Amino acid sequence: MRCDKALVVAPMVDQSDLPFRLLARRYGANLCYTPMIHSRLLVTSKQYRSKFTGTWLEADRPLIAQLCGSEPEFVLEAARYLEPYVDGIDINCGCPQGIARRGNYGAFLLEQEETLLTLVKHLVKHLRVPLSVKVRLLPPPNSNHLGEDPRYHAEVFDIPKHSLALYEKLVDAGVHLLTIHGRTRHHKSRYTGQADWDTIRKAVDMFGHRIPIFANGSIETHEDVEECLRVTNADGIMSSESLLEYPPIFYAEPQYPIRRIGRLQLAKEYMVLAKQYPPHIG
């Protein structure tokens, strides 16, 4: 694996906690995100806040905290709780689930350009650490009425063109890093499909000289990591579900290009870490 690329543990609710991050770092990951943290709850609930302001380790750096929310003051206040412990703040603009629609965050923020850009500019102005945004591709406006199958969306909307136009506005607003998941919010469950690496490559060609860009989506094996880096020329690769299934997905040694680590060994190592650092903290 090329040592000049970021090999990134994605933000995963109830999954990318401290013991898992430490295990992934042991096997090649060199940058981690916290689980998604709800901004309003972090600010208003002492019990919720205690989950994320407890145990922090230098061994778990560099680390980016991901926040969800759309209200600038709540997101900023939440970010200030976390700033002393992390190396960056990320806005969740990727979650496609119904709870994100109800909470007005995640991928649904991408379809509210003014709200998103107002949030970004507010955070860039006041944060002391860099700001990143994890995005998806932009679906057609009011696309729910088109049906669930996203293949029909491309017939009425130039997804790459409109997505890249939004990304450019985010870069112009001062974002320091973009992670692009090469799917729209409609690409899930049986409609997940192959991620659009070509649009990620276009983003790298357009904005890669200004900020780092990470690729996300369709990373299932170590070979996929290498191929995605080749196709997209991204500055890093982010993995989520496949990393959960096999934490050493990034791992390789010069003498063993793809060394397999036994799953029983991984389970034992994780249990040791989880006992030392209970998963509900940090």
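Counting from 1, the numbers follow the sequence of the chain as shown. This structure is a prediction, so every number in the text was calculated from the model and none was measured.
Here R136 does not pair with D196 in a salt bridge; the nearest charged N to carboxylate O distance is not below 4.0 Å. A salt bridge is defined here as a Lys NZ or Arg NE, NH1 or NH2 lying under 4.0 Å from an Asp or Glu carboxylate O, and R230 with E227 meets this definition. A salt bridge is defined here as a Lys NZ or Arg NE, NH1 or NH2 lying under 4.0 Å from an Asp or Glu carboxylate O, and K202 with D198 fails to meet this definition.
Within 6.0 Å of the CG atom in L57, the count of heavy atoms belonging to other residues, nucleotides or ligands exceeds 12. Counting heavy atoms of neighbouring residues, nucleotides and ligands inside a 6.0 Å radius, atom CD of E241 does not exceed 12 of them.
Considering only heavy atoms from C-beta on, P11 comes within 4.5 Å of M238 through its side chain. Side-chain contact check for L63 versus R25: some heavy-atom pair is nearer than 4.5 Å. Under the 4.5 Å side-chain criterion, counting only non-hydrogen atoms from C-beta, I37 is in contact with L67.
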Mind running side chain to side chain contact (heavy atoms under 4.5 Å, CB included) on L42 and Y81 for me, showing each step along the way? CA-CA 8 Å; L42 192 75; Y81 276 115; 4.1 Å; yes

Run the numbers on E220 and E245 for side chain to side chain contact (heavy atoms under 4.5 Å, CB included), then give the verdict. CA-CA 9 Å; E220 298 181 1; E245 182 180 340; over 6 Å; no

Using the side chain to side chain contact (heavy atoms under 4.5 Å, CB included) rule, take V75 and I89 through it: C-alpha gap first, then chi angles, then the decisive distance, then the call. CA-CA 10 Å; V75 178; I89 298 293; 5.7 Å; no

Go through the steps for M206 and Y167 under the test side chain to side chain contact (heavy atoms under 4.5 Å, CB included), then give the verdict. CA-CA 10 Å; M206 292 174 66; Y167 303 161; over 6 Å; no

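The line from CG of L177 to CG of D90 is 7.5 Å long, rounded to the nearest 0.5 Å.
Classification of the Y48-H38 ring pair by plane angle, with boundaries at 30° and 60°, yields perpendicular.
Contact detail for S70 and L119: the closest heavy-atom pair is CA-CD2, 4.2 Å. Considering every non-hydrogen atom in both C68 and Y105, the closest pair reads CB-CD1, 3.5 Å. Nearest heavy atoms, L82 versus F52: CD2-O, 3.8 Å.
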